[in-house]
Protein chains: 2
Amino acid sequence: MNTLSYGLLSLLAQSSFSGYDLMLRIQPFWPAKHSQIYPLLAKLEQEDYIRFELVSQRDKPDKKVYSLTGKGQEALKDWFDQPAAEPALRDEMMLKVFCMSYAKRESARKMLADRLAYHGEQRQKYESKLAELKERAEWPEAGLPEPSHPLFGAYLLTRKAIMSNETNTEWCKWALSLLPEGD
Amino acid sequence: MNTLSYGLLSLLAQSSFSGYDLMLRIQPFWPAKHSQIYPLLAKLEQEDYIRFELVSQRDKPDKKVYSLTGKGQEALKDWFDQPAAEPALRDEMMLKVFCMSYAKRESARKMLADRLAYHGEQRQKYESKLAELKERAEWPEAGLPEPSHPLFGAYLLTRKAIMSNETNTEWCKWALSLLPEGD
DNA sequence: AGCTTATATGTCTATATTTACATATAGGAA
DNA sequence: TTCCTATATGTAAATATAGACATATAAGCT
């Protein structure tokens, strides 16, 4: 049982999902291709951490909808109390920044502008996600969910993503301001 | 030539470093163990991207000090102009947050408090790094390096790390405030 | 004298992850 | 009709990464 496996169980605690859904939902927090997810789900099912139900759909191919078993819920609780590994960020752009003073000015600016645009796109996705969460679970007046709400975690994560997005956007703009156009 | 290889070249653009130094310096931006670094350096040296000089030390074991060759500098420039891959963050804690509403209150608070403490430690390291940079290269009056300064990139990255650290710290405190003690 | 830590370099094996290959349904666009 | 995209699931092979094993110097501690 590796970290990704527990992550899948963690998502299934909230609700049942297909493998395809799980892939899309875990992506922002633990990048993984479907070729990694599907074999893991098969293994977790064989070992009785999860089970699935075949669901036919009209407009789309059939799917397997997975849910937690009792054993899966137990494993999840044990995992939660273990100390978490340090976060690991791998960002090619940050490696490029090391040699930025040796690059052409226009190249350096393009690199930062590309990243700024990327953050802009990501920002929209996170805002959509937040809107989707608010629809799925209308939490009370002030716009804040209760800690006991199944979507509480998803809300915290989406807020975290937006906060990080804002900081990264700010950094890009600041770095660009230090590199005026035209060398 | 994978991303880590280019990252090593990128560091060597700034100055010559031993494999051990490279490992320590690249860690915060691209996690990698020495068992991954040393074989890569040997391969890069065989393929004439870098060369090394054996340096004897009094108080420490001998070391290989690597520097870029002309071919390495060329490769670096080509790489810089290619679009960078999306950043990949893998954070076990974030996966745990998905099922936080099903965990015990004290467990959830401990998870966040542990992360808050981690950010505190990291913060000190980044501040030390910033102080070290300021020593190695005294940049002018206002405390800002010129874009042409070899340590300009390292300065941007350290500032980025500190900004992210502050945001993550803020998120932990906010999340903890939503989870008052004693369930 | 033996233990631990930091420095320093390396290999070997296991695991994690990506890339490519494969198939199928259905909608919309060219 | 053909192409592209999203949905949906899978396998095989290549690559990247981590963990374990190995060795060596020198300082400081017990």
Side-chain angles (χ1 to χ4, degrees), chain A residues 1-8 11 16-47 50-66 84-92 95 125 128, chain B residues 1-8 11 16-47 50-66 84-92 95 125 128:
Chain A
M1 287 278 286
N2 56 21
T3 307
L4 178 54
S5 299
Y6 283 111
L8 295 170
L11 272 162
S16 296
F17 292 114
S18 67
Y20 189 77
D21 263 347
L22 287 167
M23 175 193 63
L24 294 179
R25 284 172 194 277
I26 209 165
Q27 282 277 3
F29 309 103
W30 196 277
K33 313 287 179 187
H34 72 272
S35 55
Q36 195 181 4
I37 307 268
Y38 289 128
L40 272 187
L41 288 171
K43 200 183 155 214
L44 289 170
E45 194 267 336
Q46 271 174 28
E47 292 172 7
I50 57 178
R51 71 180 125 245
F52 69 87
E53 195 187 348
L54 275 171
V55 174
S56 299
Q57 298 180 111
R58 293 169 220 166
D59 299 357
K60 298 168 185 175
D62 297 353
K63 62 181 176 181
K64 291 180 175 179
V65 173
Y66 288 93
E86 288 186 20
L89 172 64
R90 287 194 173 88
D91 186 347
E92 187 174 19
L95 298 182
K125 288 183 187 168
S128 304
Chain B
M1 287 276 287
N2 56 20
T3 307
L4 178 55
S5 299
Y6 284 111
L8 295 170
L11 273 162
S16 297
F17 291 114
S18 68
Y20 190 77
D21 263 348
L22 287 167
M23 174 192 66
L24 294 179
R25 284 172 194 277
I26 210 165
Q27 282 277 4
F29 309 102
W30 196 278
K33 310 290 179 184
H34 73 274
S35 55
Q36 194 181 4
I37 307 266
Y38 289 128
L40 272 187
L41 287 172
K43 199 183 155 215
L44 290 171
E45 194 267 336
Q46 271 173 28
E47 292 170 8
I50 57 179
R51 72 179 126 243
F52 68 87
E53 195 188 348
L54 274 171
V55 173
S56 298
Q57 298 181 111
R58 291 170 219 166
D59 299 358
K60 299 167 184 175
D62 298 352
K63 64 181 174 182
K64 292 181 175 179
V65 173
Y66 288 93
E86 288 186 21
L89 172 64
R90 287 193 172 86
D91 187 347
E92 187 173 19
L95 298 181
K125 288 182 188 169
S128 303

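Every chain is numbered from 1, with letters handed out A, B, ... down the list of sequences.
In the set D/dT9, D/dA27, D/dA16, the nucleotide with an atom closest to the side chain of B/Asn2 is D/dA16. Closest to the A/Arg90 side chain, of the nucleotides D/dT9, C/dT11, D/dA18, is D/dA18. In the set D/dC21, D/dT25, C/dA20, the nucleotide with an atom closest to the side chain of B/His34 is D/dC21. Closest to the side chain of A/Tyr38, out of C/dT11, D/dT9, C/dT9, is D/dT9. Ranking C/dA16, D/dA18, C/dT7 by closeness to the A/Gln36 side chain, first place goes to C/dA16. Listed nucleotides: C/dG10, C/dT18, D/dA8. Nearest to the side chain of B/Tyr66: C/dG10.
Regarding B/Leu54, its CG atom lies at a distance of 16 Å from the C1' atom of C/dT7, rounded to whole Å. We find that CE of A/Met23 is positioned 9 Å from C1' of D/dA8, with the value rounded to whole Å. With rounding to whole Å, B/Leu40 atom CG is found 14 Å from C/dT9 atom P. Between the CG atom of A/Asp59 and the C1' atom of C/dA24 there is a distance of 15 Å, given to the nearest Å. With rounding to whole Å, A/Asp62 atom CG is found 12 Å from D/dG10 atom P. For B/Leu41 and C/dT9, the CG to P distance is 9 Å, given to the nearest whole Å. A/Lys60 has its NZ atom 18 Å from the P atom of D/dT5, to the nearest Å. As rounded to whole Å, 14 Å separates atom C1' of C/dT15 from atom NZ of B/Lys33.
Under the 4.5 Å side-chain criterion, counting only non-hydrogen atoms from C-beta, B/Glu45 is in contact with B/Phe52. Using a 4.5 Å cut-off on side-chain heavy atoms (C-beta onward), B/Met1 and B/Leu44 make contact.
Between the side chain of B/Glu92 and the backbone N or O of A/Ala84 there is no donor-acceptor pair closer than 3.5 Å.
Comparing A/Gln57 and A/Ala42 by the nucleotide of DNA chain D that holds the closest heavy atom to each, the one mapping nearer the 5' end is A/Gln57.
You won't find any donor-acceptor pair under 3.5 Å spanning the side chain of A/Ser18 and the base of D/dT9, going by distance alone. Interface remark: the A/Ser35 side chain does not form any donor-acceptor pair with the D/dG10 base, using a distance-only criterion of under 3.5 Å.
Considering only side-chain N and O atoms, A/Trp30 lies nowhere under 4.0 angstrom from the phosphate OP1 or OP2 of C/dA16. A sub-4.0 Å separation between OP1 or OP2 of C/dT9 and a side-chain N or O of B/Tyr20 is absent. Contact annotation: A/Lys64 reaches the phosphate of D/dG10 (side-chain N/O to OP1 or OP2, under 4.0 Å).
By the neighbour-count criterion of 12 heavy atoms within 6.0 Å, atom CD of A/Glu47 is densely surrounded, having more than that number from other residues, nucleotides or ligands.
Under the ring-ring contact (aromatic ring centres under 6.0 Å, His included) criterion, B/Phe17 pairs with no residue, sequence neighbours left out.
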